[in-house]
Amino acid sequence: GRSLYNDEKGMKFTVLFTPLQPFDPKQRRNVKPTTITKIVYVHKEMSMKDMIIKVLDTIKRCNLPQTSWLYAGSRLEGSDSLTFTYTVYRSQNKDVLLDNEDDYLELCTQVQSARKAEVTLKLAEQKVVTGDNLTEDEQDDDEENDNPRKKRKQHVPSTEEIAQDQHIVSLQNKYHCEDRSCPYDLCYPSGPTAKHVHLTHKHLQTWAAAMA
């Protein structure tokens, strides 16, 4: 249904994306990295994965979910490609780590309880390093780190999963909704009236599996 927030558009996410900075030996170390700023509206019923896809689609980086630990819900073969932190409107808690589904539910609860349903979401792209490319020190640190994020079960995507991810990206590009009055970002025009059917991540997964 329609959102209760921001003129029925949804919770306002101010996205600050810091892309991976290319190595430049001539660049001074204290140079501030480039940041891309976008505004995204998220419906309160939108899943975390759908939110991530919508945000990355807005900044034209739909390739990043495949290497994101948060999106995958588990630790992948390589290092994490993205870090997520958030600050709710006028909250005293700044740059809170968004690390799992529970964190996302807490984010949504706080945003809906705030005076304004707004949140700043920071994404920082990181270099993906696979186990073969880790130095001995990095491998030792990885094994000894007490951070729960490091203890997730390692998951290596299969050929079928990689193919499904590629189909999902293609479907997202094809069914991106341009209707500003629609609360959703991905829709399928159904029937003779072209009624908007919201495409959830589950829908896309099922569709992509049939295509693979």
Rounded to the nearest 0.5 Å, what separation is found between the [atom1] atom of [X] and the [atom2] atom of [Y]?
X	Y	atom1	atom2	value
Thr58	His176	OG1	NE2	7.0 Å
Cys108	Met11	SG	CE	4.0 Å
Asp57	Leu186	CG	CG	7.0 Å
Leu64	Leu82	CG	CG	5.0 Å
Leu121	Leu107	CG	CG	7.0 Å
Thr35	Leu123	OG1	CG	11.0 Å

> After noting the C-alpha distance and the side-chain angles of Thr200 and His203, does the key distance pass the side chain to side chain donor-acceptor pair (under 3.5 Å) rule?
Replying inline: CA-CA 5 Å; Thr200 66; His203 291 146; 3.3 Å; yes

Taking the side chain as every heavy atom from C-beta outward, state whether [X] and [Y] have any pair of such atoms under 4.5 Å apart.
X	Y	result
Thr14	Thr37	yes
Val96	Leu98	no
Glu106	Tyr86	yes
Leu4	Gln112	no
Leu199	Leu171	no
Tyr5	Lys116	no
Gln126	Asp80	yes

Answer with yes or no whether the hydrophobic clustering places [X] together with [Y]; edges join I, L, V, M, F, W, Y residues whose side-chain heavy atoms lie under 4.5 Å apart.
X	Y	value
Tyr188	Met211	yes
Ile59	Phe84	yes
Val169	Val55	no
Ile36	Val40	yes

>> Tell me every residue that passes side chain to side chain contact (heavy atoms under 4.5 Å, CB included) with Pro19, counting only those two or more places apart in sequence or in another chain.
In response: Phe17, Gln21, Arg61, Glu125

> Considering residues at least two apart in sequence or located in another chain, which fulfil the side chain to side chain contact (heavy atoms under 4.5 Å, CB included) criterion with Thr193?
Replying inline: Lys195

Closest non-hydrogen atom pair between [X] and [Y], with its separation:
X	Y	value
Ser79	Lys127	OG-O, 3.1 Å
Ser81	Val128	CB-CG2, 3.6 Å
Asn6	Lys12	ND2-N, 3.4 Å

>> For residues 46-56, which residue pairs pass the salt bridge (charged side-chain N to carboxylate O under 4.0 Å, His left out) check, not counting sequence neighbours?
In response: none

> Who are the ring pair (Phe, Tyr, Trp, His ring centres under 6.0 Å) partners of His196, not counting sequence neighbours?
Replying inline: none

> When clusters are formed from ILVMFWY side-chain contacts under 4.5 Å, directly or step by step, what else is grouped with Ile39?
Replying inline: Tyr41

> Which residue, Ser47, Pro65, Cys62, forms the side chain to side chain contact (heavy atoms under 4.5 Å, CB included) with Ile53?
Replying inline: Pro65

> Should we say atom CG of Asp179 is surrounded by more than 12 heavy atoms from elsewhere, each under 6.0 Å from it?
Replying inline: yes

> Got a donor-acceptor contact below 3.5 angstrom from the Asn100 side chain to the Asp102 backbone?
Replying inline: yes

>> Please report whether the ring centroid of Trp207 lies less than 6.0 Å from that of Tyr175.
In response: yes

Distance-only donor-acceptor pairs under 3.5 Å for side chains of residues 88-95, two or more places apart:
| residue | atom | partner | partner atom | Å |
| --- | --- | --- | --- | --- |
| Ser91 | OG | Asn93 | N | 3.1 |
| Lys94 | NZ | Ser91 | O | 2.9 |
| Asp95 | OD1 | Lys122 | NZ | 3.2 |

